[in-house]
Amino acid sequence: MPATATDAEASASWRALGTLVQLVVTDPAALPEARRLLENDLAEVDAACSRFRADSEIRSLAGGRQHVSPLLAEAIGVALRAARLTDGDVDPTVGAAMSAAGYDRDFHQIEPNGPPLRLTVRQVPGWREVRLDGRSLTLPAGVQLDLGATAKAWAADRSAARIASQAGCGVLVSLGGDIAVAGPPPADGWRIRVQDVTGPAEETPEGPYALIAIRDGGLATSSTTARRWQRGGDVLHHILDPRTGLPAAPVWRTVSVAAGSCADANAASTAAVIRGRRALGWLTRLALPARLVDATGAVFTVAGWPDDSESTV
């Protein structure tokens, strides 16, 4: 989901957390300091939350009661809130199931094709088994936390707010298409291209796309096509159904949701992928503007999301 910077704004992009980072500010003079703040924030999040770093704090967790850093406690709290709001569709206890499906390292290190895997239906331990009281965390033995469904969106919210507060200008932070905005927006809002096929911002995308503008909150897209791999001819992807421990049925190629925060938008878009067709009614009842593209390329919009033309959500 590329963001478009106008002549009155300044932007920078680089890679971190295994994904593309995009930073846009409404005051070009603020860009160097804003980038420094964001780079520092993301380094701290990576050290606390990465499932793929042997030295990360989350990898050191064990069964039983333990104290965690304020940053990891906040990240786990966001994940548990997402689980509660989605009735368990977004569940941070999928770590072992994710590894079993082959997603056990940074995505760019995963072989796109490999031998068959023997995957069996198994319900994940369940988020209700995790207890967080301030910085005191209690985990059942053997549970591996995976914050991949919430950490980037939360990090985008956290950094956008901090940069806007310190820089005194409008800020957009995009982490792999999870977008958070803070501070005074541009006159016409933050212009964002929502697309079905990932590609560079300067190129016309393949497949259906929409140009929209947001003024606050966040926007997130979840996809069954962006991060996938094959094992023995079976196509797997990174969004697991906690009730089976297996990749969710690819009813939707992409789901994009706008909400009051990027974390809430991402929780809803991920849950929508898992819910399949039932997501249309669920998102409508929650009054969350959303755009869903099914496996055939057909586009569905709910709760006031505009048609595929330049509009404001």
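Side-chain contact check for Arg135 versus Gln66: every heavy-atom pair is 4.5 Å or farther apart. You'll find the side chain of Phe300 reaches within 4.5 Å of the side chain of Asp294, heavy atoms only. Side-chain contact between Trp190 and Thr26: present, with at least one pair of heavy atoms (C-beta onward) separated by less than 4.5 Å. Within the 4.5 Å cutoff, the side chain of Val194 has heavy atoms near those of the Trp305 side chain. A 4.5 Å side-chain heavy-atom check between Leu292 and Thr254 finds every atom pair outside the cut-off. Inter-residue side-chain proximity for Leu61 and Leu137 is flagged as met; some heavy-atom pair is nearer than 4.5 Å. You'll find the side chain of Glu9 stays beyond 4.5 Å of the side chain of Asp27, heavy atoms only.
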Just list the side-chain donor-acceptor pairs under 3.5 Å for residues 162-171, sequence neighbours left out, or say none.
| residue | atom | partner | partner atom | Å |
| --- | --- | --- | --- | --- |
| Arg162 | NE | Asp41 | OD1 | 3.2 |
| Arg162 | NE | Asp41 | OD2 | 3.2 |
| Arg162 | NH2 | Asp41 | OD1 | 2.6 |

Pair up each side-chain donor or acceptor in residues 67-80 with any protein partner under 3.5 Å, not counting sequence neighbours, and list the distances.
| residue | atom | partner | partner atom | Å |
| --- | --- | --- | --- | --- |
| Ser69 | OG | Glu57 | OE1 | 2.6 |
| Ser69 | OG | Leu72 | N | 3.1 |
| Glu74 | OE2 | Trp154 | NE1 | 3.0 |

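Leu175 and Ala155 get closest at one heavy-atom pair: CD1-CB, 3.9 Å. Residues Ser50 and Ile58 approach most closely at O-CG2, 3.4 Å, considering heavy atoms. Heavy atoms only, all atoms of each residue included: Trp127 and Gly88 are closest at NE1-CA, 3.6 Å. Shortest non-hydrogen contact noted between Ala153 and Asn266 is CB-CB, 3.6 Å. Summarising the geometry of Leu31 relative to Ser11, their closest heavy-atom pair is CD2-O, 3.6 Å, with the distance given to 0.1 Å. When all heavy atoms of Ser13 and Leu20 are compared, the pair lying nearest together is CB-CD1, 4.3 Å.
Checking side-chain atoms of Ser159 against main-chain N and O of Ala156 turns up no donor-acceptor pair under 3.5 Å. Asp178 places no side-chain N or O within 3.5 Å of a backbone atom of Lys152 that could act as its donor or acceptor partner. Checked by atom type and distance alone, the side chain of Arg84 never pairs as donor or acceptor with a backbone atom of Asp87 at under 3.5 Å. Looking at Asp157, its side chain does come within 3.5 Å of a backbone N or O of Cys262 through a donor-acceptor pair. Using a distance-only test at 3.5 Å, with no hydrogens or angles considered, a donor-acceptor pair links the side chain of Ser223 to the main chain of Arg253. With hydrogens and angles disregarded, a donor-acceptor distance shorter than 3.5 Å links the side chain of Thr93 to the backbone of Gly126.
Using a 4.0 Å cut-off between charged side-chain N and carboxylate O, Glu39 and Arg36 make no salt bridge. Checked for salt-bridge contact, Asp89 and Arg278 miss the test: no charged N lies under 4.0 Å from a carboxylate O.
Cation-pi check for Arg35 over Trp14 is met; the charged atom lies under 6.0 angstrom from the ring centroid and within 45 degrees of its normal.
Residue Thr138 holds its OG1 atom at 9.0 Å from CG of Leu132, rounded to the nearest 0.5 Å. To the nearest 0.5 Å, atom CZ of residue Arg275 and atom OG1 of residue Thr270 are 12.0 Å apart. With rounding to the nearest 0.5 angstrom, the OG atom of Ser60 is 10.0 Å from the CG atom of Asp55. Taking CG of Leu147 as the reference point, atom SG of Cys49 lies at 5.5 Å (rounded to 0.5 Å).
Using modelled atom types and a 3.5 Å distance limit, the side chains of Arg65 and Ser136 yield a donor-acceptor pair. Looking only at atom types and distance, the side chain of Ser269 has a donor-acceptor partner in the side chain of Ser222 under 3.5 Å away.
Looking at residues two or more places apart in sequence or on another chain, you find no side-chain hydrogen bond (donor to acceptor under 3.5 Å, both in side chains) involving Asp133.
Hydrophobic clustering (ILVMFWY, side-chain heavy atoms < 4.5 Å, transitive): Val90 and Trp282 are in distinct clusters.
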Exercise for review: For the pair Ile192 and Leu211, evaluate side-chain contact (heavy atoms from CB on, under 4.5 Å) and give the outcome as yes or no after the intermediate values.
Suggested key: CA-CA 6 Å; Ile192 300 166; Leu211 290 170; over 6 Å; no

Exercise for review: Go through the steps for Asp264 and Leu85 under the test side-chain contact (heavy atoms from CB on, under 4.5 Å), then give the verdict.
Suggested key: CA-CA 9 Å; Asp264 284 356; Leu85 293 178; 4.1 Å; yes

Practice item. Check the pair Arg291 / Val255 against side-chain contact (heavy atoms from CB on, under 4.5 Å), numbers first and verdict last. Key: CA-CA 6 Å; Arg291 176 182 183 271; Val255 178; over 6 Å; no

Practice item. With side-chain contact (heavy atoms from CB on, under 4.5 Å) as the test, would you mind laying out the steps for Leu145 and Val130 before giving the verdict? Key: CA-CA 10 Å; Leu145 294 183; Val130 179; 4.2 Å; yes

